[in-house]
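Scroll down for the structure; my scribbles are underneath it.
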Protein chains: 2
Amino acid sequence: MSNLDLAFAALADPTRRRIVARLTRGELRVTDLAQPFAMSLNAVSKHVKVLEGAGLVGRRREGREHYLRLRAAPLREVARWTAQYERFWTRRLDALGAFLDGQKENGDEGSQ
Amino acid sequence: MSNLDLAFAALADPTRRRIVARLTRGELRVTDLAQPFAMSLNAVSKHVKVLEGAGLVGRRREGREHYLRLRAAPLREVARWTAQYERFWTRRLDALGAFLDGQKENGDEGSQ
DNA sequence: GTATTATTCAACCAAAAGGTTGAATGAATG
DNA sequence: CATTCATTCAACCTTTTGGTTGAATAATAC
């Protein structure tokens with residue numbers, strides 16, 4: 001699984017996006033992070049592992065407590081990937097007129 | 001499932017990202033779209049349906065042929081969501097220094 | 001009208017995802 | 001040392017995902 005696969009998949013779950021949002025305020029222990037969620041601590045712990053797997057969360061152990069923090073680098077990759085398509089949503093390129101001008105530029109198949 | 005859920009989930013699959021990339025060159029029939037992929041036409045057809053479900057692909061029927069085109073609007077939403085975190089990857093905010101300044105600004109929980 | 005072509009629908013399958021509960025590990029605390 | 005607290009591990013379950021094959025539908029071509 002590529003980096004981008006992992007990042008997109010990790011962010012596809014709304015709970016995980018909330019976790020990411022929550023971590024913008026600073027480090028949190030797993031228990032504190034889990035507190036507002038209507039699911040078991042175990043479930044949140046699993047979500048955190050998915051985010052770690054995608055490089056979106058880092059962990060620092062301090063005794064029995066694990067402090068989690070946001071690691072935004074993969075978000076940068078996602079942003080870069082989507083930015084490739086910016087010209088398709090700016091201007092009317094998104095709509096029907098897309099190919100009146102097209103067909104020549106942009107010879108590559110995009111990433112992966 | 002929210003729009004953003006659907007968009008992220010759709011983009012998590014590399015085949016689907018290739019489809020999106022492919023459609024930047026213009027409209028394609030399902031068969032032509034499927035041609036370079038090492039999987040059955042049916043599989044590609046299913047991927048297309050996922051992309052349609054996320055609003056990333058539009059379809060125009062012309063007789064028995066279905067012409068697919070990119071609809072980039074959901075990509076714009078993804079870009080907007082990730083842009084929220086831009087300040088966490090620019091500067092050294094991503095790394096350990098993230099909370100030296102933090103704790104005050106950004107009172108919301110992000111989207112959804 | 002009979003093939004052929006473009007596409008989907010339906011059933012099936014294996015693997016992954018998202019959750020649960022219960023037990024294990026390992027620090028801190030009384 | 002016995003307990004409690006923070007966290008993970010493991011097993012299990014249900015639903016979703018990504019693929020297959022085979023049949024159905026519907027438009028074109030011979």
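Order of the sequence lines fixes the chain letters, A, B, ..., with proteins taken first and strands second; residue numbering starts at 1 for each chain.
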Which of residues 28-35 of chain A have a heavy atom under 4.0 Å from DNA chain D? A:Arg29, A:Val30, A:Thr31
What one-letter contact string describes nucleotides 15-21 of chain D from 5' to 3', where B marks a base within less than 4.0 Å of any protein heavy atom, S marks contact via sugar-phosphate atoms alone, and - marks no contact? ---SBBB
Can you say whether the rings of B:Phe8 and A:Phe8 are parallel (under 30°), tilted (30 to 60°) or perpendicular (over 60°)? tilted
With a cut-off of less than 4.0 Å, is there a side-chain N or O of A:Lys49 near OP1 or OP2 of D:dC9? yes
Just the rounded figure in Å: distance from C1' of C:dA6 to OH of B:Tyr67. 11 Å
Hey, is the side chain of B:Ser45 poking within less than 4.0 Å of OP1 or OP2 on C:dT8, counting only N and O atoms? yes
Just so I know, are the side chains of A:Thr15 and A:Val44 near enough to count as touching, which here means a heavy-atom distance under 4.5 Å? no
Residues two or more places apart in sequence or in another chain: which of them pass side-chain contact (heavy atoms from CB on, under 4.5 Å) with B:Arg80? none
Run the side-chain contact (heavy atoms from CB on, under 4.5 Å) test against A:Glu52 and tell me which residues pass, sequence neighbours left out. A:Val48, A:Lys49, A:Val57, A:Arg59
Quick one: hydrophobic cluster around B:Val50, which other residues, with the 4.5 Å side-chain cut-off, linked directly or via members? none
Send over the distance from B:Arg59 CZ to C:dT7 P, rounded to a whole Å. 9 Å
Round to a whole Å and report the spacing from CD of A:Glu52 to C1' of D:dC9. 15 Å
Contact under 4.0 Å: A:His66 side-chain N or O vs D:dT8 OP1/OP2: yes
side-chain contact (heavy atoms from CB on, under 4.5 Å) with B:Ala43: which residues, sequence neighbours excluded? B:Met39, B:Ser40
Distance-only check: which donor-acceptor pairs under 3.5 Å involve side-chain atoms of residues 31-38 of chain B, not counting sequence neighbours?
| from | atom 1 | to | atom 2 | distance (Å) |
| --- | --- | --- | --- | --- |
| B:Asp32 | OD1 | B:Arg29 | NH2 | 3.0 |
| B:Asp32 | OD2 | B:Arg29 | NE | 3.0 |
| B:Asp32 | OD2 | B:Arg29 | NH2 | 3.4 |

Side chains of B:Arg16 and B:His47, donor plus acceptor under 3.5 Å: yes
Test side chain to side chain contact (heavy atoms under 4.5 Å, CB included) on B:Thr24 and A:Phe88; report intermediate values, then the result. CA-CA 8 Å; B:Thr24 58; A:Phe88 289 94; 3.4 Å; yes
For nucleotides 24-30 of chain D, read 5' to 3', which letter fits each nucleotide if B means a protein heavy atom sits under 4.0 Å from the base, S means only the sugar-phosphate is that close, and - means neither? ---BS--
Any side-chain heavy-atom pair from B:Tyr67 and B:Arg61 closer than 4.5 angstrom? no
Starting from A:Leu6, walk the hydrophobic network (Ile, Leu, Val, Met, Phe, Trp, Tyr; side-chain heavy atoms closer than 4.5 Å) and list everyone else you reach, by chain and number. A:Met1
Atom CZ of A:Arg61 to atom P of C:dG26: distance rounded to whole Å? 12 Å
